[in-house]
Amino acid sequence: MECKVIDRGRRCLRLATMRLPYMFLFLLLFSAGGLLLLLHLQYLTETIHEQAPGGKHRHRQQQPDQCPYCPDNNTRTPSSRDVQKLSRVDPVNVWNPRFPVAQDKGAVPQITKNYRKLLKSSALLQQLNSTSAGQAFNNYQRLTQIQQSRRELLRQVCAKYRSFTRTISRMQVSRIYVEDTHKLLYCEVPKAGCSNWKRVLMVLQGQASSTAELRHDQVHYENHLKRLDSFTYAQIIHRLKTYTKVLFLREPLERLVSAFRDKFESPNSYYHPVFGKPIITKYRANASRSALLTGEGVTFKEFIQYLLDVRRPVGMDIHWERVVQLCSPCLIDYNFIGKFETLEEEANFLLRQIGAPANLTFPSFKDRNPNAARTSSRITQEYFSRLSLSERQKTYDFFYMDYLMFNYSKPFSDLH
Ligand SMILES: *[C@@H]1O[C@H](CO)[C@@H](O)[C@H](O)[C@H]1NC(C)=O
Ligand SMILES: *[C@@H]1O[C@H](CO)[C@@H](O)[C@H](O)[C@H]1NC(C)=O
Ligand SMILES: *[C@@H]1O[C@H](CO)[C@@H](O)[C@H](O)[C@H]1NC(C)=O
Ligand SMILES: *[C@@H]1O[C@H](CO)[C@@H](O)[C@H](O)[C@H]1NC(C)=O
């Protein structure tokens with residue numbers, strides 16, 4: 001029995017178990033001890049490296065479909081520079097996952113019939129499972145599988161909302177950070193781990209030797225990171241076609257509450273005057289003079305009224321803008337879709353894939369208001385309990401495409 005396809009490997013192995021000749025072989029080999037075991041695992045992993053799934057799908061061409069929700073159709077009127085159209089981008093999948101074990105190209109051994117037989121024993125697999133290399137392999141398979149299903153779902157949802165234009169504007173790549181050394185494009189989604197991602201990009205780029213030495217202000221105001229829209233037309237296309245494109249996002253309502261707490265519940269010299277004042281002016285009856293002057297003390301309900309208002313007194317902001325608008329996931333064929341809920345594991349997995357320095361791991365700094373609890377689903381529920389059912393439904397509708405494309409489940413059971 002051949003086990004060529006990596007995803008079917010385990011099933012294939014199970015099917016083959018309990019065959020007596022193999023049991024015999026197993027007993028024979030088991031006595032040879034753990035050394036042999038590890039040796040064979042090494043062969044297995046190297047062969048797997050050669051057959052990594054990304055390689056298989058490398059040439060599958062996927063037509064990019066523009067969704068009606070992408071910024072082109074937004075109410076914002078882009079400047080003439082923004083609308084300078086870039087030609088159609090064929091999203092060739094260049095991301096070729098690598099299994100991070102041995103990669104000595106000169107000595108890739110062949111898997112022989114005997115090794116295969118050896119590996120067709122489930123008892124032996126359990127032994128492999130208990131080694132750290134075996135666990136790393138299981139993890140690799142699991143996380144790769146997650147990426148495949150996320151990308152497949154996104155493809156399906158985007159296909160449903162196709163429209164005729166397939167061009168990318170400069171504005172649509174303006175949230176994407178560029179890391180040329182490791183050929184990485186990271187689309188910034190605020191409140192979904194982006195500060196720590198910026199730290200990592202700065203280290204990857206050689207601006208610092210570790211993420212710990214970067215202060216918050218440095219990360220946000222002097223990061224020397226380039227955005228994709230600052231490049232020429234040809235350079236943008238080249239990067240979109242050949243770099244690993246990454247997106248990390250978060251449960252939409254949790255992200256929204258996190259943004260509200262961050263911008264309105266502690267002193268803020270930008271968000272209070274710029275957003276707070278018009279919000280209080282429009283939505284608070286009998287507002288006090290000082291509230292009208294400072295814009296301080298916006299309530300969550302007022303904030304939601306502003307968000308859902310088709311005639312907002314002040315525009316949108318990236319902290320509460322939808323991911324479909326920020327990152328154009330139907331136009332840009334992201335190779336990696338990570339989630340804040342499993343941020344560190346997935347970010348570290350990605351870092352190993354792109355060949356980041358081994359001592360670089362994803363940090364867990366909490367930048368602003370370090371004393372406030374991280375916004376959890378419990379805290380999110382509490383904020384939303386201050387709203388009416390209709391307001392909750394409309395907020396869900398507002399973020400509906402983010403829910404659909406990234407498989408987040410409906411946040412409250414009484415919504416439809
Ligand atoms: C190995 O471990 C993974 C999870 O860690 C589990 O899903 C799998 O069934 C195990 N395989 C065997 C043969 O025990
Ligand atoms: C990681 O390794 C590099 C050299 O490869 C070194 O310059 C850097 O200081 C190390 N960082 C940490 C946090 O140990
Ligand atoms: C506003 O204040 C007036 C007088 O103080 C009061 O009659 C009215 O009910 C208040 N309106 C609201 C919505 O609180
Ligand atoms: C969506 O997530 C659920 C778990 O919440 C999972 O069971 C399901 O397979 C996922 N669907 C897709 C298409 O990935």
Side-chain angles (χ1 to χ4, degrees), residues 7-8 10-11 53-54 57 60 62 65 67 93 95 97 100 103 139 141-161 179 181-182 184 192 195-216 218-219 223-224 246-255 323-324 327 329-330 333-365 376-378 380-381 396 399-413 415-416:
D7 298 328
R8 294 212 200 107
R10 203 173 281 155
R11 202 182 60 175
H57 300 304
R60 193 202 289 169
Q62 187 70 33
D65 293 310
C67 57
N93 180 9
W95 190 57
Q103 289 175 27
N139 247 2
Q141 248 194 338
R142 182 174 56 82
L143 292 169
T144 305
Q145 188 62 52
I146 289 174
Q147 284 306 315
Q148 278 173 358
S149 58
R150 282 184 195 160
R151 298 187 63 216
E152 181 54 37
L153 174 67
L154 181 59
R155 231 173 257 144
Q156 285 168 12
V157 176
C158 290
K160 262 195 189 165
Y161 293 90
E179 208 293 283
T181 328
H182 295 80
L184 193 64
S195 303
N196 282 327
W197 262 113
K198 286 182 193 168
R199 284 193 168 86
V200 166
L201 294 180
M202 288 168 82
V203 172
L204 286 175
Q205 214 167 67
Q207 288 187 47
S209 60
S210 91
T211 53
E213 70 195 46
L214 295 164
R215 283 173 296 107
H216 178 266
Q218 242 175 314
V219 171
N223 58 38
H224 306 291
V246 176
L247 169 64
F248 268 80
L249 66 156
R250 182 177 186 175
E251 204 285 327
L253 297 192
E254 205 172 297
R255 184 175 152 242
V323 174
V324 286
C327 298
C330 286
D333 186 28
Y334 288 96
N335 307 100
F336 195 96
I337 301 164
K339 292 195 172 177
F340 183 82
E341 290 73 18
T342 39
L343 175 62
E344 280 181 44
E345 178 180 46
E346 292 182 4
N348 283 321
F349 174 60
L350 176 66
L351 287 176
R352 303 288 78 83
Q353 304 301 317
I354 61 164
N359 65 0
L360 175 61
T361 51
F362 197 80
S364 56
F365 300 110
S376 60
S377 74
R378 188 188 54 77
T380 305
Q381 299 268 338
Y396 174 55
F399 288 102
Y400 184 66
M401 286 313 285
D402 281 5
Y403 275 93
L404 201 61
M405 286 180 177
F406 303 106
N407 195 23
Y408 280 107
S409 48
K410 202 169 63 173
F412 305 101
S413 52
L415 303 182
H416 53 261

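Numbering of ligands and ligand atoms starts at 1, following listing order.
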For N359, atoms of ligand 2 separated by under 4.0 Å from a heavy atom: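 Listed by number with element, the hits are 1 (C), 2 (O), 3 (C), 8 (C), 10 (C), 11 (N), 12 (C), 14 (O).
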Residue S209 vicinity, atoms of ligand 2 by number, heavy atom under 4.0 Å: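 Counting from 1, the qualifying ligand atoms are 8 (C), 9 (O), 11 (N).
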4.5 Å side-chain heavy-atom contact, E251 and S377: no
Beyond-backbone contact of Q147 with N335, side-chain heavy atoms, under 4.5 angstrom: no
OH/Y408: more than 12 non-hydrogen atoms of other groups inside 6.0 Å: yes
S210-ligand 2 polar pair, N/O distance under 3.5 Å: no
Qualifying residues under side chain to side chain donor-acceptor pair (under 3.5 Å), relative to E346, sequence neighbours excluded: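 Only R150, T342 meet the side chain to side chain donor-acceptor pair (under 3.5 Å) criterion with E346.
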Residues in salt bridge (charged side-chain N to carboxylate O under 4.0 Å, His left out) contact with K339, at least two apart in sequence or another chain: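 Testing K339 for salt bridge (charged side-chain N to carboxylate O under 4.0 Å, His left out), a comparison that skips the adjacent residues, returns none.
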Under 3.5 Å, N/O to N/O: give me all the pairs between ligand 4 and the protein, one per line with atom names and distance.
from     : atom 1 : to   : atom 2 : distance (Å)
ligand 4 : 2 (O)  : N407 : OD1    : 3.4
ligand 4 : 2 (O)  : N407 : ND2    : 2.3
ligand 4 : 11 (N) : N407 : ND2    : 2.9
ligand 4 : 14 (O) : N407 : ND2    : 3.4

Aromatic plane relationship, Y396 with Y403 - under 30° parallel, 30 to 60° tilted, over 60° perpendicular: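 Y403 and Y396: perpendicular rings.
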For residues 356-364, tabulate all N or O donor-acceptor pairs below 3.5 Å that involve a side-chain atom, not counting sequence neighbours.
none

